[in-house]
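Order of the sequence lines sets the chain letters (A, B, ...), proteins ahead of strands, with each chain counted from 1.
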Number of protein chains: 2
Amino acid sequence: MSEIIRSLQRDLNEFGGDLHLIGADMLGGRHPGEHPDNFGAGAMAMPATPEAAAAVVRWCAENGVFIVPQGGRTGLVGGGISRPGDLILSTARLDRIEDIDPLARTVTVGAGVTLQALQEATAAFGLTPGIDLAARGSATIGGMIATNAGGILAFRNGVMRHQVLGIEAVMPDGSLFSDLTRVLKVSAGPDIKQLLIGSEGAYGFVTRAVLKLESFNPMRATALVGVRDAASALAVITHFRSLPALQLEGAELMWRRYFLDSAGERGFDLDWLEDGTAAVLLMEVSAASEAEARTALEEGLAGLWEQHGLTSGIVAASLDQARRFWALREESDFIYRLHPAAPSYDVSLPPGALDAYVADLGARLKAVHPSFDAYVYGHVADGNLHLSVIGEGAAAPAVKDAIEDAVYTGVTEAGGSFSAEHGVGTEKRRAYLTYGNPARRALAQAIKAALDPKNLFNPGKVPYRAD
Amino acid sequence: MSEIIRSLQRDLNEFGGDLHLIGADMLGGRHPGEHPDNFGAGAMAMPATPEAAAAVVRWCAENGVFIVPQGGRTGLVGGGISRPGDLILSTARLDRIEDIDPLARTVTVGAGVTLQALQEATAAFGLTPGIDLAARGSATIGGMIATNAGGILAFRNGVMRHQVLGIEAVMPDGSLFSDLTRVLKVSAGPDIKQLLIGSEGAYGFVTRAVLKLESFNPMRATALVGVRDAASALAVITHFRSLPALQLEGAELMWRRYFLDSAGERGFDLDWLEDGTAAVLLMEVSAASEAEARTALEEGLAGLWEQHGLTSGIVAASLDQARRFWALREESDFIYRLHPAAPSYDVSLPPGALDAYVADLGARLKAVHPSFDAYVYGHVADGNLHLSVIGEGAAAPAVKDAIEDAVYTGVTEAGGSFSAEHGVGTEKRRAYLTYGNPARRALAQAIKAALDPKNLFNPGKVPYRAD
C-alpha cells in the first residue's frame with residue numbers, strides 16, 4: 001500500500017469508509033480504461049460524499065500531493081493519466097441520482113453516475129439528458145462536464161455546457177463550491193461554474209450537478225442513405241429539420257472507407273448500396289407514431305432523391321435492424337483491429353466546410369506519405385468529424401507531427417476547433433499549443449494561477465503553459 | 001466638451017471618425033434609456049471597429065479612466081449607469097450582421113445589432129436567434145450577452161449563453177480577445193469566453209459574437225386560457241411539450257391582478273373570462289400549418305379542461321388578435337402609470353415551487369404592510385417571475401429592505417435565483433450580497449483581480465466586494 005494511502009488513512013480516519021482509499025494492489029484488478037497510464041499513481045480515493053472529497057483535497061494541498069480527477073476513464077486523449085506520487089480522485093462513489101423533477105425538467109445527479117444510468121432513470125418520465133454518445137455505458141456525468149462532451153444530439157440540444165444548470169465542486173483550496181441552482185435563468189453576476197465545464201479538472205473536482213432534461217420520444221424510424229458528399233447529406237438534414245411534425249434524432253455521416261470496412265467487419269449486407277457511393281448518412285427521426293416517423297422519413301427522402309444526388313437507401317424494418325445501423329457508426333473499434341495504433345483525431349468545422357476539408361485532408365496526407373489515407377466519420381450536422389489515419393508507418397512517432405499538421409491545417413481559420421469533444425488531455429498538448437487560441441490559452445493560465453496557485457489539480461495538462 | 005473627449009481625440013487621432021467621440025452636449029439630445037444616470041459620465045466613445053475599441057480601452061488604462069460599457073440601455077437594474085469622469089463605451093456602431101450561414105445555422109454579428117434587426121435578418125432563412133424578449137427593438141446582442149438574457153423562449157432553447165458560440169472582446173489590458181469559433185463543439189481547454197457572458201461588463205467589452213440559430217416556424221396559433229394556479233398552467237404546458245407534431249413557442253402566465261389591470265388599461269374585452277379566474281396563461285404553438293396549430297391547440301385544451309381546472313379560454317382568430325394577446329403580457333408599463341416607482345423584481349424558481357412561493361410572498365408582503373400586494377407575471381415554463389410591489393408607500397426607501405426580504409426569502413433555498421434575467425447592476429447590490437452565492441461571489445472577485453487589476457471595467461458593479 002502506498003505511503004499516500006497510509007497517510008490519508010491516518011490523517012483523515014474520521015471519514016472512515018467514506019474515503020474508500022485503495023492502493024496499487026487493488027487497482028491492479030481493475031480496468032484502467034482507455035489509457036494504460038490512468039492508474040500510474042497507484043493510489044486512489046473514491047470519496048462517498050462531497051465533504052470527504054473536500055477533506056482529501058485539503059490534505060493533498062497541505063501535503064503537496066497532486067490530484068488527478070477520474071470519472072469513467074473513457075477519455076480518449078489521456079486527460080486522466082497519473083504518475084507515481086499523484087493521487088487519483090475518483091467520482092465512482094458519488095453515484096446517486098438524487099432527484100428528477102419532471103415539471104422543471106431537471107435532475108440532480110452525482111458526478112459518478114453514468115450517462116446510461118441517467119438515461120434509463122429519466123426515460124421513465126418521458127425525458128432524456130438531451131445528450132448521447134457511444135461510451136454511454138461507462139462515461140460519467142462528471143467526466144462529461146470536465147470535457148464538455150458533445151455526442152450525437154449536440155446539433156439539436158447543444159453540448160454538455162448547455163445541459164448543466166448547477167454544479168457542486170471541490171475547489172483547489174479545499175472549499176466546497178456549491179452552486180446547485182435548478183433553474184434555467186440565473187443572471188446573478190459572473191457564472192463561475194462555467195469554468196469547471198470543459199476544463200478537464202484544471203480548476204476543481206465536480207461532485208454533483210443539476211442537469212436540464214429534454215423530451216424523449218421513442219416513436220422512431222431509422223435509415224441509411226447513400227449520398228454523394230457532406231453537402232448532399234446536409235441538404236437532407238436541413239430539409240428534415242425544417243419539418244415541424246417530426247424531430248431529427250440523429251444524423252451521422254460515414255465516408256466510404258469507414259462505412260465499407262465497418263460493414264465488412266460486422267458482416268452487414270450491402271446489396272442495397274449502389275457501387276461507388278461516396279458516403280452513407282445514418283438518419284433517425286421521431287414523430288407521433290412509428291408509422292408516421294417511417295412514412296415521413298420515406299416520403300421525405302423520396303422527395304429529395306434526385307435533387308440532392310441520393311444513390312440508395314434502406315429504412316430499418318425493426319428496432320433490431322435500427323440497432324445494427326447504429327452499431328456500424330458507434331462501434332468503431334474495428335479500425336484499431338485492422339490498423340493497430342492508427343492515430344485518431346476529432347475536429348469540428350462549420351458544416352459547409354466539410355467537403356473541402358476532407359478533400360484537402362486526403363491530399364495533405366498523401367503528401368506526407370503516398371500510402372496515407374483516413375477513415376472519416378462523425379456528427380455531420382454539427383461539423384464534428386472523427387478521423388483515423390492509416391497507411392504504411394502512419395503510427396510511427398517520426399510522422400506524428402506531420403500527420404497532425406495535415407489534420408489541423410485550416411481548421412481554426414475556418415472557425416472550427418482542433419478538439420471538438422474529446423478534450424486536450426496529454427495527447428493534444430502540441431495541438432493546443434500550436435493550433436489553440438493564444439489569448440484563450442493565456443487567460444486560462446492566468447485564471448489557473450489565481451484559483452490553483454499550487455498547480456494541485458491535474459498538473460501537466462490543460463491549461464498548458466506555452467513555454 | 002469634456003476633458004476626456006478632448007484628450008482622446010488628441011491622443012488617438014489616427015483612428016479618425018472610427019472613434020466617434022461625443023460629449024455631454026451631444027448626449028443631451030439622446031435618450032438615456034431605462035435609467036436616468038446612464039449618461040452621468042457625459043462622455044461617450046462609439047468605436048466603429050474592434051481595433052478602435054481596443055485603443056480606447058488601452059488609453060483608459062493608461063489614463064486611469066473607468067469604462068462603462070453600454071448597449072441598447074434597456075437594462076432594468078442600473079448596470080449601465082456612469083459617473084462624471086467615467087467614459088461610456090458604446091456598441092452602437094458595431095452594428096453589422098456579417099454572415100448568416102443557414103447550413104451551419106450560425107450568424108456572426110456585431111455587439112451593437114439589436115435583437116429585432118437580427119430576428120428580421122435571420123427570418124429570411126427560416127431561422128431565428130432562438131431567444132426573444134419584449135425589449136427586442138432596442139436590446140442589443142452585446143447587452144444580451146452581458147446580462148445572459150433569457151426571455152420567452154428560454155424554456156425551450158435555453159438562455160443567451162446557450163446561443164453564443166463565439167465571442168470577440170476587448171479585455172481590460174486592451175488586448176483583443178478573439179474566439180470567434182463558428183461550431184457547436186469545442187473542447188479545447190478552459191472556455192474563457194464564458195466569463196464574458198452574464199458578467200455585466202466586469203471582465204471586458206464584447207465587440208462581436210457568433211450565435212447559433214434555430215428553426216423559425218410562422219405557422220402558429222395563440223390562446224389565452226384561464227387556469228386555477230401555476231400547477232394547472234404547468235400541466236397544460238407539459239402536455240403540449242410532449243406532443244411531437246407541434247412546438248410550444250410561448251407560455252406566459254399572468255396572475256389575476258396583473259391580467260385584469262393590463263386588460264383594463266388596454267380596453268381588452270373580458271367577456272370570455274370566468275369570474276374569479278386565478279391566472280391567465282398565454283400560449284402559442286406552431287405546427288405544419290396554421291390550421292393544424294389551431295386544431296391541435298383547441299383539441300389539446302379541450303382534452304385537459306376538466307382534469308386541470310381550466311376555467312375559460314379564447315384562441316386568437318387572426319394574427320392581429322394574437323398580437324393583442326401578447327401586448328397584454330409584454331407591455332407592462334401600465335404598472336408604472338398606475339403605481340409610479342413600484343419596486344420591481346425578477347426571480348426564478350423551479351416551476352413546481354411557484355404556487356407556494358406566490359402564496360407565501362403575498363403573506364410576507366402583508367406582514368410588511370397590510371396594503372401591500374404584488375403584480376405577478378412571467379415565463380412560467382422556466383419558473384421566471386416578474387413582480388411589482390404596490391400598496392401604500394411601497395416605493396418609499398424606508399421599506400425597501402423589508403420588501404426585498406419578502407421577495408427573496410426562500411428563493412435561493414428552493415434552487416432559484418434572486419435575479420433571473422435582468423442582472424445585478426446597481427439596484428440589486430444588496431440582493432447580490434445578501435442572497436447571492438458567497439463562494440461564487442468570492443471567486444468572481446478573485447478572477448476580477450486577475451483579469452482587471454485596475455478595476456477599469458464597470459467599477460462599482462458586479463463583482464461587488466462584500467466589504
Expected output: side-chain B:K185 to main-chain A:G151 donor-acceptor under 3.5 Å: yes
Option that, when pairs with chain B are counted at under 4.5 Å, heavy atom only, ranks first among A:M160, A:K428, A:E214, A:H379: A:H379
Chain B contact via A:A442 - side chain, backbone, both or neither, heavy atoms under 4.5 Å: neither
Heavy-atom contact with chain A under 4.5 Å, split by part of B:H422: backbone
Test item: B:S419 side-chain N/O and A:S187 main-chain N/O as donor-acceptor pair under 3.5 Å: yes
B:D191 vs A:I197 side-chain heavy atoms within contact, under 4.5 Å: no
For chain A, the option from B:L103, B:V347, B:V186 that forms the most heavy-atom pairs under 4.5 Å: B:V186
Residue among A:G415, A:A235, A:A288 with most heavy-atom pairs under 4.5 Å to chain B: A:G415
Options A:E200, A:R241, A:K212, ranked by heavy-atom pairs under 4.5 Å with chain B, top entry: A:R241
Engaged part of B:A450 at the chain A interface, taking heavy atoms whose separation is under 4.5 Å: side chain
Contacting region of B:L349 [heavy-atom separation from chain A under 4.5 Å]: backbone
Engaged part of B:L443 at the chain A interface, taking heavy atoms whose separation is under 4.5 Å: both
Selection from A:L184, A:T412, A:N148, A:T181 maximising heavy-atom pairs under 4.5 Å formed with chain B: A:L184
Pairs of heavy atoms under 4.5 Å with chain A: top-ranked of B:S175, B:G383, B:G425, B:S199: B:S199
Proximity breakdown for A:S286 and chain B, heavy-atom pairs closer than 4.5 Å: neither
Heavy-atom pair count under 4.5 Å with chain B, highest-scoring of A:A446, A:S215, A:G423: A:G423
Minimum-distance pair of heavy atoms, taken over all atoms of B:N437 and A:D179: ND2-CA, 3.7 Å
Where B:A439 and A:F177 come nearest, the two heavy atoms and their spacing: CB-CD1, 3.6 Å
A:K448 portion near chain B, given a 4.5 angstrom heavy-atom threshold: neither
A:Y203 versus chain B, the contacting section by heavy-atom distance below 4.5 Å: side chain
Proximal component of B:L195, with respect to chain A [non-hydrogen, under 4.5 Å]: side chain
Contact leader toward chain B among A:P244, A:A104, A:P190, A:S417, where contacts are heavy-atom pairs under 4.5 Å: A:P190
Region of B:S178 that comes under 4.5 Å of a non-hydrogen atom in chain A: backbone
Toward chain A, the part of B:A353 with a non-hydrogen atom under 4.5 Å: neither
B:K461, part contacting chain A, at a heavy-atom distance under 4.5 Å: neither
Side chain, backbone, both or neither of B:R161 within contact of chain A (heavy atoms, under 4.5 Å): both
Interchain contact, A:T147 with chain B, by part (heavy-atom threshold 4.5 Å): both
Under 3.5 Å: donor-acceptor pair, side chain of B:R440, backbone of A:G189: yes
Which portion of A:I447 sits near chain B, non-hydrogen atoms under 4.5 angstrom: side chain
Residue B:M171 versus chain A: region with a heavy atom under 4.5 Å: side chain
Residue B:E421 versus chain A: region with a heavy atom under 4.5 Å: both
Best-contacting candidate, B:G79, B:A202, B:S348, against chain A by heavy atom pairs under 4.5 angstrom: B:S348
Contacting moiety of B:K193, where chain A heavy atoms sit under 4.5 Å: side chain
Segment of A:V462 engaging chain B (4.5 angstrom heavy-atom cut-off): side chain
